[in-house]
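See structure below.
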Amino acid sequence: MGNDKAISVKNLTKKFGSFTAVDHITFDVAKGEIFGFLGANGAGKTTAMRMLCGLSRPTEGDGHVAGCDIITQAEAIKHRIGYMSQKFSLYADLTVEENIRLFSTIYGMSSSQIREASERLFKELEMENMRNTFVKDIPVGWKQKLALATATIHKPQIVFLDEPTGGVDPVTRRKFWELIYKASSDGMTVFVTTHYLDEAEYCNRIFIMVDGKISALDSPSALKEKYHVATIDEVFRIVAQNAQRTD
Amino acid sequence: MSIFQSLVKKEALHIVRDTRTMVITLLMPIVLLLLFGFAISTEVNDVMVVAVVDQHTDETRDIIQRLNVNDYITFKGLIAPEDADRLLRSGLAEAVVYLKNEDGKVKSQIVVDASNTNTAQTATAYIRGIISGNAAKSPVITNTLYNPQLKSAYNFVPGILGMIFILICAIITSVSIVREKETGTMNLLLVSPVKPQTIILGKLIPYFLLSCIILTVMLLMAYTVLGLPVSASVVTVVEVSLLYIVLSLSIGLLVSTIVDTQLTALIVSAVMFMLPVIMLSGMIFPIDNMPVILQWISNIIPARWYIEAMRKLMVQQLDFSYVMKEIVILASMTVVLLVLAVGKFKSSTR
């Protein structure tokens, strides 16, 4: 496998009993790429992502994430990735600073590194005055930013964002994507799942998953050309029209 | 700060900042102890007794005198036979003692208000004792060992301990773990390099410490305010209690790996663990009086063995060797629960 690949999987499959949640998917993600992972609810996005993060063992197939084997080196992967989940998830009853400290300690940073990283982060996010505010008391937009910053504080090679903008207004979403671009320009690979199809346009390449399988995989413009349509929304409707699974 | 320390600190902050739960967990044991120790009691005190005497003799005077000075009885005086019924009905008297002279002997009869069977039986026993204590040629001498004053507080302390730790360790711990599942923070911890066992320990240790604080407070209260006799068995009391705390924590952990919402965690812990503690552990209702089937079930309730051990240690003041059986049972239950819980937790993460 080449060194320019951040993620590379082959025939990745996950079965739960007789149900095949993820069905032989094969794809590569280049370093520094923003890779969009699209699919309706129940298409198998979260299951696929859990396997890539080392949270769930594939039934079949293999893959490498950040240069580590997803089956045999799951623990090593955990050091090299960041993760931000679907629901906004930081500890609401801890302050901004306490959350940052907790997660940076968990990722094995030393106290001087933590101090340095949190100073930088407060400055970048302009959150100096919110340092000692409980996370539950800060506005949603800020929470989202903070969650991303926390997920990337240990400078992971790849950051996994599982529907990071769920339930957020368009303006905040826009701002959030600016942060994603910034992370990407810093050399981080971004793997993002979403069901906002306009967001797909922001990605370098997208992957549309239907019923656990790959239905389309290319850059947004190439996909639009291929299906002769103007938006990703229409592309999605064409490839997903034969979907069997619903919620 | 190490990863483990920061996890423990974070959990401690959750506990301390959740003021309501904190106050409940700290106050409830104290309130329960005081309630059961002083307010709620199965002792029968101040039974209101009146007497009907047809003819005064030395013997009847003697009996009346004894009724008068008995601490458990409030003697309201002598009445006319026709008033007896009215006094019983109005509740001004709970028992009427009839003393009748026949052939130079005193014959006696007790009429008691049995609307509360417990009070009635105890009152009857008191009065019978007082009367026969006078007449009997060879009185039966009763020795109440271990709890000479028959204080019901002695009996309740072990039960309350058995209940409190299930409450704090099993219910509160399981709810707190499941809360992290619900809010999604558990996922953040699981994708991090932290080992699952570190996550578990980081969650359990703060609750273990909280339980230790509560144990200290409860034992101090039991030995001072409630006046349980202090003896060498105190060390064993602490040891067995720590074992029981670990066991309750394992229950909490197991519940949290099985259920997915805080509400279910609460209901499962409360119905499957809290109710049996109250009903079947022998805390309130004697196990020997239960139908055989319930007696069997009570065998698998950890609190039953803990409470039995505590009664032996705290009330009878027996030493370590007498509670070996209970310790072995509790320890085996702990091992089984821990293995199940950790296994389940690991399989759910991978």
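Just so we're clear, the structure is a prediction, and the values are computed from it rather than from any experiment.
- Neither the backbone nor the side chain of B/Thr198 comes within less than 4.5 Å of any heavy atom in chain A.
- With contacts defined as side-chain heavy-atom distances shorter than 4.5 Å, the pair A/Tyr107/B/Ser192 qualifies.
- Around atom NZ of B/Lys195, no more than 12 heavy atoms belonging to other residues, nucleotides or ligands sit under 6.0 Å away.
- Counting heavy atoms from C-beta outward, B/Leu188 and A/Ile106 have side chains that stay 4.5 Å or more apart.
- More than 12 non-hydrogen atoms from other residues, nucleotides or ligands lie less than 6.0 angstrom from NZ of B/Lys181.
- With a 4.5 Å cut-off on side-chain heavy atoms, A/Leu55 and B/Val191 count as touching.
- Annotation: B/Leu275, atom CG; neighbour count of heavy atoms from other residues, nucleotides and ligands within 6.0 Å is above 12.
- Residue-environment remark: CZ (A/Arg205) exceeds the threshold of 12 foreign heavy atoms within 6.0 Å.
- For B/Glu180, the part lying under 4.5 angstrom from a heavy atom of chain A is the side chain only.
- Open room surrounds CD on A/Glu116; 12 or fewer heavy atoms of other groups in view lie less than 6.0 Å from it.
- In plain terms, the two heavy atoms of B/Arg17 and A/Leu94 that are nearest each other are NH1-CA, 3.5 Å.
- Contact record, A/Leu102 with B/Ser6: CD1-O, 3.6 Å, taken as the closest heavy-atom pair.
- From A/Arg50, atom CZ reaches atom CG of B/Leu190 across 7.5 Å, with rounding to the nearest 0.5 Å.
- Applying the 6.0 Å contact sphere to CE of B/Met221 captures more than 12 heavy atoms from other residues, nucleotides or ligands.
- Shown here is B/Met22, whose CE atom has more than 12 heavy atoms of other residues, nucleotides or ligands within 6.0 Å.
- Residue A/Phe160: no heavy atom, backbone or side chain, is found under 4.5 Å from chain B.
- Here A/Tyr91 contributes atom OH and B/His14 contributes atom NE2; the two are 5.0 Å apart, rounded to the nearest 0.5 Å.
- At a 4.5 Å heavy-atom cutoff, the contact between A/Thr105 and chain B is made by backbone and side-chain atoms alike.
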